[in-house]
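One structure is given below, encoded as structure tokens.
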Amino acid sequence: MDIQNIEKKWQKYWQKNKLFEVNKNKEKFYCLEMFPYPSGKIHMGHVRNYTIGDVIARYKRMRGFDVLHPIGWDSFGLPAENAAILNKVHPAVWTYENIAYMKKQLMAMGFSYDFTREVTTCSPEYYKWNQWFFLKMYELGLAYRKSSMVNWCNDCATVLANEQVIDGQCWRCGNVVVQKELEQWFFKITNYAEELLTGCDTLIGWPEHVVSMQKNWIGKSIGTEVDFPIFESNERLRIFTTRPDTIFGATFMCIAPTHPLASQFLGNNSELKGLIDNYGKIDDKIGIFTEHFAINPLSEENIPIFVANFVLMEYGTGAIMSVPAHDERDFEFARKYGLAVRQVIIPKDVQVDDILTNAYIGEGVLVKSKQFNNLFNIEAIEAISKYIEEKGIGKRVVNYKLRDWGISRQRYWGCPIPIVYCKTCGVVPVPENELPVVLPEDIEFSGGSVSPLAQVESFCRVKCPRCGADGRRETDTMDTFVDSSWYFIRYCSTKEEDALDKENIKRFMPVDQYIGGVEHAVLHLLYSRFFTRVLRDIGVVDFDEPFRRLLTQGMVCKETLKCPEHGWLFTDEVKEDKCIHCGKEVLKGRTEKMSKSKKNVIDPNVLINKYGADTIRLFSLFAAPPEKDLEWSDQGVEGASRFLNRLWNLVETNVDTLKKTDIKGFRGNSGLFKKTHQTIMKVTESIERDYHFNTAIAAMMELLNEMTGLQHDDKSLKFAVRAMILLLSPFAPHIAEELWEVSGAERGISKQSWPEYDKEAAKEDEIELVVQINGKVRSKIMVDVGLNDDQIKGIALSDERVISFIGSSVVKKIIVVKGKLINIVVTN
RNA sequence: GCCGGAGUGGCGGAACUGGUAGACGCAAGGGACUUAAAAUCCCUCGGGUUUAGGCCUGUGCCGGUUCGAGUCCGGCCUCCGGCACCA
């Protein structure tokens, strides 16, 4: 069989007949895969992600749904700009060339996309809407500008959002992130913190761990703010605590190095400067005594105030009361600086013991807490908070870890922020009818640290939309996560239609099944949930959650190979466990996520040329269930290829029989007929239950084994072959189409319905009854199905093997599990 | 440290609400076809033991519930992922 030509033939056929465009008169199903960044060519991660999505899309189509299955390009971003600096290619040229190439690759994989809805985020028709959303958010106060300390990556010469800093490093390049003060645009995602959190409970179709990561990131905590008067001063120090029950145990105070009182108390103290410079970089707890004291408003004691590097300015009030007896961090600090530790909560039935070896963070009863003594601490939280509010020295508050989303990027290849700065009018939004603010094309890339846009005078110089005087454009561009926060909505309408057509959105949203990598568990998915709510509030959509079900597929991994002299090696650099460059023994490393740096990658192109797309699709679905990591195995690919070949040969050798046999209205009772129904059932259930394609494929393999193993009557064989091809078609669509045609059916398996199974026909006449004695399998007897318990007991008890096992023992109890087994409990 | 998830043959993985552990595939071994090889086809394949039928044992470890536990409960161990001075 000529795989290459067969695959091309059907890809052409699909395209020509527009089989994957939506058609409006059936129930919809929106199947979406996370769109790729056009980095150059597709990798195995894409292949896996898109294969999973494609099987779902094709399956749902066969089940009669009007499937929206789009694809596009997340095409703004830094690599294009880096390529421009390196190779002197314009980012647009580089990007569009990559898109063209990758699109060809996607087509070669046989993915059933509706390419007429293709979205490219770097096109002005697309990003115009980013700007429109920005203006709407600006009007609502959801987009605002402020100066703040930001995460700065020197390598990328740009700002990063909190979510984009991983272990203190840039999420993209791994460079150490530093703090820098900058004027930035922010989206007020914190306005939606509570809603995003409670919304988590409605995400029933999402993997639990993703939901919990979102909850964690939002990080709600309920607590109390309390004012501590400063001794011999009119000032107060406001702190936030979740443990007001421990307030009588507060023996000192800590404030953040950047807290206003820190410099007020210490001035230009060099020690303080050091703390600020190394803020967030040192794990050790370091403090400086301010020589000032605060008055504990409840105990009325004077307690010292420290500046401490472990207190965060951005969270709560930037100041805390320290209760070393009941907080591990405070305990560590108190130990180091020899500060008092006073236990005010004791576990029930335990003596007070001031010599703690660890902070006690558990529950207990209050002591040394005046009128609150003997209260259980959970109740004391309530009581003391209430007391504080009544005395007017504080209030209960809710805090979130979630910060506002900084979206300014000092880069060229992104969506311009539609703002003009005017000397007289200040910050002026670009009027809606002047959108889009288009990125200028003629631009120099020096690779320096100044934003390239700021150097394009023709772009920057603009009249103020309000007063007409000379103004300057904002030269920062938007974070590319803005682009991907709503692309799923753009897909709902064709390019010719209005991007935010309400009818179209209503028809297709929300996404029924979203498929992508876990790496976006907080970033993209949280931003999209936020954006959806904003769009709801400005009347574009009428739902809260964009993605009904989410499937996070595992990584594609492969064994690593290392030569002591030449380092990481590609598979083809190794012959018989030796390095082909130096002949040294190659070490097999652990199996890791495929990456260019470790050279454990496989190029999809090579595989397509060698085996064809169907084999790759089949293997990547068979080797592991979609949510688990997949270990690449060249031999496993051979196995998948073998399966398709065996099916091919079966059809080839029986072509005449298949063509001439008529199975209209056929209902057989052969073993193969039963097996066929059982297979349809198994495959359908495997897909429906959890998209466990690996077991679906295993079932098909079983059916093929049955077909090739024995002689069958023509009708049963044809029935089995046809069902088999239909079942296989979402997984290996090219071969399925070809075999469908070859075996005499009308062209176009993609238009066929999913085969139905008949539960009755799938039922066996006889079952293998397992006979256990005291829970151990002792015999297996073939019996008719549908026998009642007594009949089964009778058969089991008269079985020779069973009789000899029971011997002289006494039968105490008999348990019958219908259709499966019988357990005889005996004692001797 | 906290929060999630997972530990099953040589390997990837099956086993639905507790009911035959190891489906399916890979690797390995044996055989058929072939001058030979490749391809293909057939057989074996957790461990131990037995002349055989068989028996014993086995799902990370220890205990429990149950007629019956990979599955449920309690206590550990290991690995992976996320968060990490969030007061």
Side-chain angles (χ1 to χ4, degrees), chain A residues 166-168 207-217 219-221 223-224 239-243 246 254 280 282-285 308-312 314-323 326-330 332-333 399-403 518-519 521-522 552 554-555 591 618-619 622-625 627-640 642-643 645-646 649 682 685-686 689-690 692 694-705 708-709 768-780 801 812-826:
Chain A
I166 292 148
D167 290 329
E208 244 179 278
H209 69 280
V210 175
V211 178
S212 90
M213 277 163 77
Q214 295 237 338
K215 284 184 180 171
N216 244 310
W217 190 265
K220 179 180 184 175
S221 68
T224 308
I239 60 100
F240 172 76
T241 180
T242 55
R243 294 293 304 274
T246 63
C254 287
I282 311 171
D283 282 342
D284 293 334
K285 293 184 175 47
N309 68 339
F310 70 92
V311 178
L312 304 171
E314 322 85 72
Y315 187 76
T317 59
I320 58 168
M321 64 173 195
S322 285
V323 186
H326 303 293
D327 182 285
E328 278 167 22
R329 295 152 302 182
D330 296 343
E332 194 189 321
F333 192 85
N399 263 320
Y400 300 91
K401 287 202 313 190
L402 185 70
R403 294 284 112 77
V518 237
E519 64 271 23
V522 261
T552 49
M555 299 181 294
T591 300
L618 199 71
F619 173 73
F622 179 64
E627 71 280 2
K628 283 182 80 175
D629 287 352
L630 180 150
E631 190 182 331
W632 195 262
S633 147
D634 293 330
Q635 284 107 339
V637 179
E638 294 278 353
R642 225 162 5 228
F643 166 68
N645 271 313
R646 286 176 62 208
N649 291 336
K682 181 87 197 286
E685 283 174 357
S686 288
R689 209 190 331 142
D690 268 320
H692 277 195
N694 55 332
T695 51
I697 293 167
M700 288 188 262
M701 286 173 166
E702 272 188 72
L703 179 61
L704 182 64
N705 289 344
T708 53
E768 191 183 47
L769 177 73
V770 172
V771 186
Q772 295 184 337
I773 294 170
N774 287 344
K776 284 191 172 150
V777 181
R778 293 304 183 187
S779 185
K780 292 174 186 179
R801 290 180 39 76
K812 261 184 68 186
K813 193 173 173 185
I814 298 176
I815 290 120
V816 178
V817 181
K818 263 245 162 335
K820 276 197 176 142
L821 102 175
I822 171 167
N823 188 13
I824 303 165
V825 186
V826 300

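Sequence lines set the chain letters: A, B, ... in the order given, protein chains first and strands last, and positions in each chain run from 1.
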Looking only at side-chain atoms of A:Pro625, point me to the closest of B:rG13, B:rC67, B:rC55. B:rG13

With P as the reference atom in both, quote the distance from B:rU51 to B:rG60 in angstrom, rounded to an integer. 33 Å

Taking only the P atom of each, what is the distance from B:rU65 to B:rG70 in whole angstrom? 16 Å

Mapping A:Lys285 and A:Lys820 to their closest nucleotides on RNA chain B, which lands nearer the 5' end? A:Lys820

Mind checking A:Val518 for me? I need base, sugar-phosphate or nothing, with any heavy atom below 4.0 Å counting as a touch. nothing

Counting side-chain heavy atoms from C-beta on, which of B:rA23, B:rC55, B:rA87 comes nearest to A:Arg778? B:rC55

From B:rA87, B:rA14, B:rC56, nucleotide with atom closest to A:Ser221 side chain: B:rA87

B:rU20 P sits how many Å from A:Asn774 CG, rounded? 17 Å

Are there any protein N/O atoms within less than 3.5 Å of an N/O atom in nucleotides 25-27 of chain B, and if so, which ones and at what distance?
from   : atom 1 : to       : atom 2 : distance (Å)
B:rG25 : OP1    : A:Asn705 : ND2    : 3.3
B:rC26 : OP1    : A:Arg642 : NE     : 3.1
B:rC26 : OP1    : A:Arg642 : NH2    : 2.5

Proximal nucleotide (of B:rG4, B:rA84, B:rA87) relative to the A:His209 side chain: B:rG4

Between the base of B:rC67 and the side chain of A:Lys812, is there a donor and acceptor pair under 3.5 angstrom? no

Scanning both residues in full, the closest heavy-atom pair of A:Pro625 with A:Asn694 reads CD-ND2, 3.4 Å

Using a cut-off of 4.0 Å on non-hydrogen atoms, how would the nucleic acid contact of A:Glu768 be classed: base, sugar-phosphate, or nothing? base

Is the Lys NZ or Arg CZ of A:Lys285 less than 6.0 Å from the centre of A:Phe333's six-membered ring, within 45° of the axis? no

Any side-chain heavy-atom pair from A:Ile320 and A:Tyr315 closer than 4.5 angstrom? no

If the C1' atom of B:rC67 is compared with that of B:rG18, how far apart are they to the nearest Å? 12 Å

Among the nucleotides B:rG19, B:rG12, B:rA87, which one has an atom lying closest to any side-chain atom of A:Asp327? B:rA87

What does B:rG29 pair with, Watson-Crick or G-U, if both distances are under 3.5 Å? B:rC43

Give the rounded distance in Å between these two atoms: CD of A:Glu702 and P of B:rC24. 5 Å

Looking only at heavy atoms, what is the nearest atom pair of A:Ala624 and A:Leu630, with distance? CB-CA, 4.3 Å

Assert: residue with more 5' nearest nucleotide on RNA chain B, out of A:Asn216 and A:Met555, is A:Asn216

Using the C1' atom as the point on both nucleotides, what is the distance between B:rG22 and B:rU59, in whole Å? 9 Å

Atom CG of A:Asn649 to atom C1' of B:rC41: distance rounded to whole Å? 12 Å

Please confirm whether the shortest side-chain N or O distance from A:Lys215 to OP1 or OP2 of B:rG82 is below 4.0 Å. no

Integer angstrom distance from the C1' of B:rG58 to that of B:rC41: 34 Å

At under 4.0 Å between heavy atoms, what does A:Lys780 touch on the DNA or RNA strands: base, sugar-phosphate, or nothing? base

Syn or anti for B:rG74, given that syn means the glycosidic angle lies within 90° of 0? anti

Nearest whole Å is fine: how far is B:rC83 C1' from A:Trp217 CH2? 8 Å

Using a cut-off of 4.0 Å on non-hydrogen atoms, how would the nucleic acid contact of A:Asp629 be classed: base, sugar-phosphate, or nothing? sugar-phosphate

Base-pairing assignment for B:rG12 (Watson-Crick or G-U wobble, both under 3.5 Å): B:rC24

Can a side chain N or O of A:Asn694 be found less than 4.0 Å away from OP1 or OP2 on B:rA14? yes

Under 3.5 Å donor-acceptor, A:Asp629 side chain and A:Met555 backbone: yes

If you compare all heavy atoms of A:Arg243 against all heavy atoms of A:His326, which two are closest, and at what distance to 0.1 Å? NH1-O, 4.4 Å

Starting at CD of A:Gln214 and ending at P of B:rG4, how long is that distance when rounded to a whole Å? 16 Å

Nearest whole angstrom, please: distance from the C1' of B:rG12 to the CD1 of A:Ile697. 13 Å

Just N and O in the side chain of A:Arg689: are any of them under 4.0 Å from OP1 or OP2 of B:rA14? no

Measure from CE on A:Met213 to C1' on B:rA84 and round the result to the nearest Å. 13 Å

Minimum heavy-atom distance A:Phe240-A:Thr317, with the two atoms named: N-OG1, 3.5 Å

Could you walk me through whether A:His692 and A:Glu627 pass the side chain to side chain donor-acceptor pair (under 3.5 Å) test, one step at a time? CA-CA 9 Å; A:His692 277 195; A:Glu627 71 280 2; 3.2 Å; yes

For nucleotides B:rU66 and B:rC72, find the distance between their C1' atoms and express it as a whole number of Å. 10 Å

Does the structure show a Watson-Crick or G-U wobble partner for B:rG63, both distances under 3.5 Å? Name it, or say none. B:rC73

Regarding A:Val770, tell me which of base, sugar-phosphate or nothing describes its non-hydrogen contacts under 4.0 Å with the strands shown. base

Would you indicate what A:Asp634 reaches in the nucleic acid, counting non-hydrogen atoms under 4.0 angstrom: base, sugar-phosphate, or nothing? nothing

So, does A:Arg778 use its side chain to make a donor-acceptor pair with the main chain of A:Arg801 at under 3.5 Å? no

Pairwise P distance, B:rU71 and B:rG54 [rounded to whole Å]: 28 Å

In whole angstrom, give me the gap between the C1' atoms of B:rC79 and B:rC73. 24 Å

So which nucleotide from B:rC67, B:rA87, B:rG19 ends up closest to the side chain of A:Thr241? B:rA87

Select one nucleotide: of B:rA14, B:rU20, B:rG19, the one nearest the side-chain heavy atoms of A:Val777. B:rU20

A:Ser212 side-chain proximity, nearest of B:rC24, B:rG13, B:rG4: B:rG4

Ignoring hydrogens and angles, tell me if any N or O in the side chain of A:Asn823 forms a donor-acceptor pair with the backbone of A:Gly775 under 3.5 Å. yes

Which nucleotide, if any, forms a Watson-Crick or G-U wobble pair with B:rC2, using both distances under 3.5 Å? B:rG82

For B:rC55, the nucleotide meeting Watson-Crick or G-U wobble distances (both under 3.5 Å) is B:rG48

When rounded to whole Å, the CG to P distance for the pair A:Leu704 and B:rU40 reads 13 Å

Do A:Asn774 and A:Val825 make a side-chain contact, defined as non-hydrogen atoms from C-beta onward lying under 4.5 Å apart? yes

